[in-house]
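Encoded as structure tokens, the structure appears first; notes follow it.
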Amino acid sequence: MSVQPHPIDAVTQRAVPVAPPAAPSLAAAPSHAAPHIVVTGVDKVFPVPGGEVVALKDIDLTINRGEFVCLLGPSGCGKSTLLNAIAGFSHPTRGGITVDGTKVAEPGPDRGMVFQEYALFPWMSVAQNIAFGLEIKGMGRAAIEARVAELLEMLKLTEFRDRFPKDLSGGMRQRVAIARVLALDSPVMLMDEPFGALDALTRRSLQDELLRIWAATGKTIVFVTHSIEESIYLADRIVVLTYRPGTIKRDIRVELPRPRDSASAAFNALKRDLSALVTAEQHRFEEVEMKGLTTD
Amino acid sequence: MNARLKPLAEGFAVPIAVLVIWQLACTAGLVNPMVLPSPAAVAARWWAYLAPLEAYDPAHGSWFLWLFSGEMLHDAMASLYRVVVGFLVGAGLALPLGLFMGTSDVIYRHINPLMQVLRPIPPIAYIPLSILWFGLGNAPAVFLIAIGAFFPVLMNTIAGVRHVDGIYIRAARSLGASRMTIFRRVILPAATPYILSGARIGIGTAFIVVIVAEMIAVNNGLGFRILEAREYFWSDKIIAGMLTIGALGLLIDMGVSRLNNHLLRWHRGLES
Ligand SMILES: Nc1ncnc2c1ncn2[C@@H]1O[C@H](COP(=O)(O)OP(=O)(O)OP(=O)(O)O)[C@@H](O)[C@H]1O
Ligand SMILES: [Mg+2]
């Protein structure tokens, strides 16, 4: 049932390009045949003292099965709000979201979530964290053992299996959080700035690992970031949001071959274009925040 | 001097100086020994209090039991027993109530006002009522100690449950956990640092209350013994008893703190 987005190179374990390298373009994403996550006419309004914040306005977004989509935008533009709505943590004020045709009403193991703050249970060891979802699912002891061992291996965590999260580096913690979500084999993986707190080298190695896992599992990934570079490196498709109200400014398909070379001309051309889009929103963000500061 | 011994030497310097001055003052006859006995007299009395009352007699049983037949160890065991039973009663009631109050706003709103009214009443103020209700003996002592342990455990349990970081609950929900599972496997462990620190305060309070309770309701235990010593003007025994109370308190606190460290070995605050 899972569609592999790219064949995997047996040696590098990386996805290899299916099509010959194409020039990057800012053309709108073409519609696909297998919609997985469908967001229709979603508004999200937060009441705040003395008014309201329109965090999302008229969001229409269809994400196809197996797609890697980045939500990109400056701080406060509603990326987390949209992701949380897909996860089922909060309900849209208007409109609706379906995953696999089913309306999202609450969080569930079919939509694994990776948080920027890791959200590992600090009182559980690495192995216990990974096993948690499987125990809830009612899987047998032996099967859990085997699955956990496999995930520890996959994320290079085997020697850390009995450590507590406090004794791990940020990168290691995020590997555990990813393993915990992978354990459930959910078709959708939602990630909210998962690598935002990591140093550049750790970040790149986790990005590569994520791409490898994605290529191997064919999951649909919705990945929030405010790093333009990261979104181009990872995504099939980049959705740029505007700042207040959060609307979809652009929906861009990234046609660069994988593995992507962040030093290449095509990569940087795309980066320049996206930069112009995001910077405009960043300026609006700064304007609003400054006004907020002076009138408060 | 070596780096490990230096802080030790620094720590002992002042107490030793105090002891020396105290002893010199007594030897020189500057203080009335009825008011303040010399350290040597206190030490001798402490040893007599600790040692078995009778010489060892193999006909009367094991050597081991004989070793622990001194008055002090009996008193310490009696006090410890009351602390443990009273604490278990108090904490045993406070923990479930605190968990309910922490998780349910409805229960909290109904019960919290009553708790806030009762909480400032010091356990000591319950002494007359406890004697009226339970007479003399262990029962009123356990009652008072339970009250002393109840509120710290209750307050900390409520705070612990309420302070659970919402992100753990969100993570658990997205992994498919039911409300019951979240309570058992997320809220409860996340609240343990608070609960255990409440338990530690509760045991400390229980230890204060046991001494007072023993002065009024029973005829053994460390608190009873120092009051008894006063009636005979044995000031050396009073001080020996006080030192024993201090030592037992320290031992209990060290034990609880080691248990806490073990239970909270996952906790960030306890690194190093
Ligand atoms: N619970 C809330 N109550 C009020 N306003 C909120 C709430 N949550 C979010 N907002 C507002 O909604 C807007 C979008 O917030 P959101 O967290 O989705 O932004 P974001 O794009 O994820 O930003 P960041 O990159 O900083 O995480 C912001 O302006 C924020 O202030
Ligand atoms: Mg966010």
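This one's a predicted model, so the numbers in the text were calculated from it and none came from an experiment. Chain naming here is simple, since letters A, B, ... match the order of the sequence lines and numbering starts at 1 in each.
The candidate from A/Gly112, A/Pro109, A/Ala87 with the greatest count of non-hydrogen atom pairs under 4.5 Å with chain B is A/Pro109.
Minimum interatomic distance between B/Leu175 and A/Leu184 (heavy atoms only, all atoms of both residues): CD2-CD1, 3.5 Å. Nearest approach of A/Lys166 to B/Arg265, heavy atoms of both residues: CE-O, 3.0 Å.
Both the backbone and the side chain of B/Ser174 have a heavy atom closer than 4.5 Å to some heavy atom of chain A. Interface remark: A/Arg180 contributes backbone and side-chain atoms alike to the contact with chain B (heavy atom separation under 4.5 Å).
Counting heavy atoms of neighbouring residues, nucleotides and ligands inside a 6.0 Å radius, atom CE of B/Met115 exceeds 12 of them. Taking a 6.0 Å sphere around CZ of B/Phe183, one finds it holds more than 12 heavy atoms contributed by other residues, nucleotides or ligands. Within a 6.0 Å sphere centred on CD of A/Glu159, heavy atoms belonging to other residues, nucleotides or ligands number 12 at most. Other residues, nucleotides and ligands place no more than 12 heavy atoms under 6.0 Å from the CZ atom of B/Arg179. For A/Met139, the CE atom sits in a packed shell: over 12 heavy atoms of surrounding residues, nucleotides or ligands are nearer than 6.0 Å. The neighbour count for B/Phe134 CZ, taken as heavy atoms of other residues, nucleotides or ligands under 6.0 Å away, is above 12.
Among residues 119-132 of chain A, the residues having any heavy atom closer than 4.5 Å to a heavy atom of chain B are, in sequence order, A/Ala119, A/Leu120, A/Phe121, A/Pro122, A/Trp123, A/Met124, A/Phe132.
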Query raised in the report: Can you list the steps and then say if B/Arg170 with A/Asn84 is a side-chain contact (heavy atoms from CB on, under 4.5 Å)?
Result: CA-CA 10 Å; B/Arg170 291 205 289 157; A/Asn84 285 332; 3.5 Å; yes

